[in-house]
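Below: one structure, written as structure tokens.
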Amino acid sequence: MSSPQDQIEALRSQLNDHNYRYYVLAQPEISDREYDELLRALTELEARHPEFASEDSPTQRVGGEALSEFNTVAHAVPMISLANSYDVTEIREFDQRLQKLLPGQAYSYVVEPKVDGVAISLRYENGRLVQALTRGDGRQGDDITANIRTITSIPLHLRGEAPEVLEVRGEAYMTRTGFLKLNQEREEAGLAPFANPRNAAAGSIKLLNSKEVAKRPLDAVWYGVGDLRGIHFDTHRQLLEGLQNFGLKTPPLTRDCANIDEVVIALDENLNARHKYAFEMDGAVVKVNQRDLYDELGSTAKSPRWAMAYKYEPEQVETKLLSITIQVGRTGVLTPVAELEPVSVSGTTVSRATLHNWDEIQRKDVRVGDTVVIEKAGEIIPVVVKVITDKRPQVTSPFPEPTECPVCAQPVSKRAGEVAWRCDNPTCPAKSQSWIKHFVSRKAMNIDHLGEELIKVLLEVELISDPADLYTLHLKKSKFLHIDRMAEKSVQNVLDAIENSKQNDLWRLIHGLGIPQVGERTAQMLEAHFASIDELAHASAEALEALPDIGPIVAENIVTYFQSPVQQHFVSRLKAAGVNFERKASATETVDSILSGKTVVLTGSLTQLTRDDAKELLRKLGANVTGSVSKKTDLLIAGEAAGSKLTKAQSLGIEIWSEQDLVNCVPKDSPPEEAGQLDLF
Ligand code: IVH
């Protein structure tokens, strides 16, 4: 078995490789779960061997000490912006200007999506990330290095032969799905949501506590350079390829255009592709490809003459606000929703839009009967942008703050520091419905056949009132069969799915409990640190806060949850029903085998095992599974029709096994429960 230092280095290099494949090449070779396991193995090894700590390790993405303020630092090369244009005639005029400035010289263009995020500059010295700055006023920006280091797609070390200095410029952004999820969490936690992904990214990047930044779904792309020493790019296309080879993510779908007519087509293609981008795209950027012409073209005080932004305005439409309804979420948060006269926006018909909270209603002075302007924030969720007060009917009144829950009529309250009103009744049926929906969802207890409508009916006929009641539903089968359209077979499917869920992994239950701000990933992380619900229920806020992804608020939420007598009762009913409360041995334990600590590559097609099962088996046997063959590979397992990896392994003299050799490696004398797990294959 290799030394701890070698193991640490091997894991670091594997994780860096997987990051590169995932973020830059968009070709992941392992699942998120497998990635998390490698990261966990590295975290544990580093904790046992602090002498090999490195601040550039992939484990060091969780943030550090909070700052009291950011340092202001001068940019080595100023960060200028772009001139904007809004229609193609302006783009053609841009080309005509270039023709005049470059008489008789050949040039072409690259068209890129314009990412709606926050401009950032990164400085790499001899390959190492040493500084990250915001644009600031263009001459000097804020030093946000600690925050930027938490963004996993950004390499802390460049790949390959690095130049003395490489300053890259690009955009940090929040993906649209990340933005939706963050806002949902914020609304559930009673916090004000962000208006759009750009604001969410800007707010996140400027947090003083990098541990909080680490939890925000941020990403970044790189499309330009500042200070360069020891490196030169002839064309913008070479620059993009060069950055990508260094391990930096570049914008997707960039287009080479020989002339301005091709640019015009590319602008159109870019607009049509806008729903495909993970980030919000607010236009395109047209750049001259030949970088050696940049000096000749120069810049104005604000922007270079060799590039031009082409901006798309988000589609805004007017419609009538018919009424305001109030939704009650899983955590009891009341969300006002605008019910609109149906209207088409950015390709779909919209009849509802969130109004977020009552502060927002007051700020925009939204009243029933108003004509409102709506658009889709982040191209997905419809929002009310403003009211056209000129079109307001004569008699309207401000929408009142709620005094009681619209569903159970119990009192509502507001917590200190929160904008949301919440229903205080722990048994409010509206809460139960959202909670059960969450409990059975694919990423929690994964109980099939229990759709929203059925949950609603089961609540209405009082067969259930919370998720724990699902586990006694089989005792009320005859009543269940009375529900409309529920045939024997459908009822049995539901009951079987519920019964099977009792054997779920622990993290699914932790997620299903519905602790505010404890999502799937946090639940998986908690499973790695606590062997059972009982252990988790007894954890102190300090112990929880010491864990990688957990800040004071989430720690407090967990403690409060398990201290609540209502939740304690609920949890004890789940336990009594026989729901699995323990971490399964398979989740972390490995069997001691001759493969422990070995770096193994799988190739070719397997006949006895699926590839995922083979990986899982190898993991259990203590091996690290990687994607490519290198000098660090200890063993190659070659299935049928193995190709280049087999040839490479042979040339490097690496040990080679067949699939059968792997299957034979399963210990025959495993204790019963381990044998049971292996039976699963
Ligand atoms: S090039 C010297 N390329 O949009 C010019 N900018 O509105 C450097 N942006 O300041 C900028 N996507 O923050 C460039 N593909 C892209 C971009 C992009 C987004 C931002 C950038 C710029 C702003 C101008």
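Quick note: residue numbers are just sequence positions, from 1. Counting convention: from 1, in listed order, for ligands and their atoms alike.
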request  = Name the closest protein heavy atom to atom 13 (O) of ligand 1, giving the residue it belongs to and the distance to 0.1 Å.
outcome  =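 Checking every protein heavy atom, the shortest distance to atom 13 (O) of ligand 1 gives Glu171 OE1, 2.9 Å.
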For ligand 1, which atoms have a heavy atom of [X] less than 4.0 angstrom away?
X      : value
Ala119 : 13 (O)
Pro113 : 12 (N), 15 (N)
Glu112 : 3 (N), 15 (N), 16 (C)
Lys287 : 1 (S), 3 (N), 14 (C), 16 (C)

key: Passing candidate, side-chain contact (heavy atoms from CB on, under 4.5 Å) with Leu321, options Val384, Ile374, Val366, Thr371   =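 Only one option passes, and that is Val366.
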ask   = Contact between Ser81 and ligand 1, counting heavy atoms under 4.0 Å?
value =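 Checking ligand 1 against Ser81, which is what was asked, there is a heavy-atom contact under 4.0 Å.
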Is [X] touching ligand 1 with its side chain, its backbone, both, or neither, if touching means heavy atoms under 4.0 Å apart?
X      : value
Lys114 : both
Met79  : neither
Pro304 : side chain

inquiry  = Quick test of your reading of the structure: of Tyr223, Tyr294, Phe279, whose heavy atom lies closest to atom 14 (C) of ligand 1?
reply    =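 Looking at heavy atoms only, Tyr223 sits closest to atom 14 (C) of ligand 1.
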ask   = Is there a donor-acceptor pair closer than 3.5 Å between any side-chain N or O of His356 and the backbone N or O of Ile361?
value =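 It does not hold such a pair.
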